[in-house]
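Predicted model, so just to flag it, every value in this text is computed and none were measured.
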Amino acid sequence: MVDKVNDYVVPEEIRKKLGLYIKEKREKLGIGLNQISVKTDVASSLWSRLENGKVLKINPFLLKKIGEGLKIDYKELYRIVGYLDEDKNEIKSNIDLEVAYKKIPLYASISAGYGACEADIVDFIALPAVKHFTGDIFAVRVNGDSMEHTIENHSIVFIKRDVEVPNKRIGAFLLNNEALLKRYYVTENGVFLRSDNREYPDIKVREYDNFVIIGRCVGSVINEDDF
């Protein structure tokens, strides 16, 4: 069942097949990358990478936008990628594609390393208002490799604002005015912020630290510009 942002990894052979198909349809319409980008609100750089089979994770919502832009049934794109059950002609995912979208703020950066100052809003992203993205959600670009290979450097993570993060789950935190993306650990020895990349040491939250839980991570995508 494909129902999470992190689950849309597509094999290279299929990515190339999809890319050739999309490029052929676009060229048949006589539309350039910049034109189709404006028409679909999908960055031209992302279109280029899709056509060249370079996008590792392909979200079904993105495919629907591409289908609309190319004036083709998006289910044909699903069939190529493998999101469509060939026998039943039904979408394998349990996501409702007619669901409403909502815009969330995208912040410039959060540190997956040794810390960075809280950033300003640089853009807004449209997300489907499905289970994982209900409530107060924001997006932020990751700066650093301390959470690799769970979350890659330069990815975009989605954070749901909350006053609590479950033990051993990934969240966003402010520690002495530095914004951090770490795994939250509560032990008998205290509270720690841990990196999945074990080359980074654990950060102990001390009693006198200014520590704020911003929220928990509910998903991430590799940053292929904006889509």
- Message: Membership question, hydrophobic clusters at under 4.5 Å side-chain separation (ILVMFWY): are V38 and I66 in the same one?
- Response: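 Different clusters.
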Side chain [X], main chain [Y], donor-acceptor under 3.5 Å:
| X | Y | result |
| --- | --- | --- |
| S37 | V42 | yes |
| T187 | N189 | yes |
| E148 | N197 | no |
| R15 | V10 | yes |
| D162 | R216 | no |
| R161 | G215 | no |

With sequence neighbours left out, the residues meeting ring pair (Phe, Tyr, Trp, His ring centres under 6.0 Å) with F211 are F173
Heavy-atom pair with the smallest gap, counting every atom of [X] and [Y]:
| X | Y | value |
| --- | --- | --- |
| S195 | S146 | CB-O, 3.2 Å |
| L193 | V205 | CG-CG2, 4.2 Å |
| V157 | S220 | CG1-CB, 3.8 Å |
| I151 | C217 | CD1-SG, 4.2 Å |
| G69 | T40 | CA-CG2, 3.5 Å |
| S48 | L33 | CB-CD1, 4.1 Å |

Report the distance from atom [atom1] of [X] to atom [atom2] of [Y], rounding to the nearest 0.5 Å.
| X | Y | atom1 | atom2 | answer |
| --- | --- | --- | --- | --- |
| I22 | E24 | CD1 | CD | 11.5 Å |
| L63 | L18 | CG | CG | 6.0 Å |
| K182 | M147 | NZ | CE | 7.0 Å |
| I36 | R26 | CD1 | CZ | 8.0 Å |
| L20 | N52 | CG | CG | 9.0 Å |
| Q35 | W47 | CD | CH2 | 12.0 Å |

**Prompt:** Testing V165, I214, V218 for side-chain contact (heavy atoms from CB on, under 4.5 Å) with K160, which one passes?
**Reply:**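 Among the candidates, only V218 passes.
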Point to revise | side-chain hydrogen bond (donor to acceptor under 3.5 Å, both in side chains) between D209 and N176, intermediate numbers included | key: CA-CA 6 Å; D209 285 329; N176 300 324; 3.1 Å; yes
**Asked** Charged N to carboxylate O below 4.0 Å: is that the case for E76 and R79?
**Response** yes
Presence of salt bridge, K16 and E12, under 4.0 angstrom: yes
Under 6.0 Å from the CD atom of E164, do we count more than 12 heavy atoms belonging to anything else shown? no
* Asked: Mind checking who shares a hydrophobic cluster with F192, ILVMFWY linked at side-chain heavy-atom distances under 4.5 Å?
  ->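 F192 shares its hydrophobic cluster with Y185.
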Close side-chain approach of [X] and [Y], heavy atoms under 4.5 Å:
| X | Y | result |
| --- | --- | --- |
| L46 | L62 | yes |
| L174 | N210 | no |
| Y21 | I72 | yes |

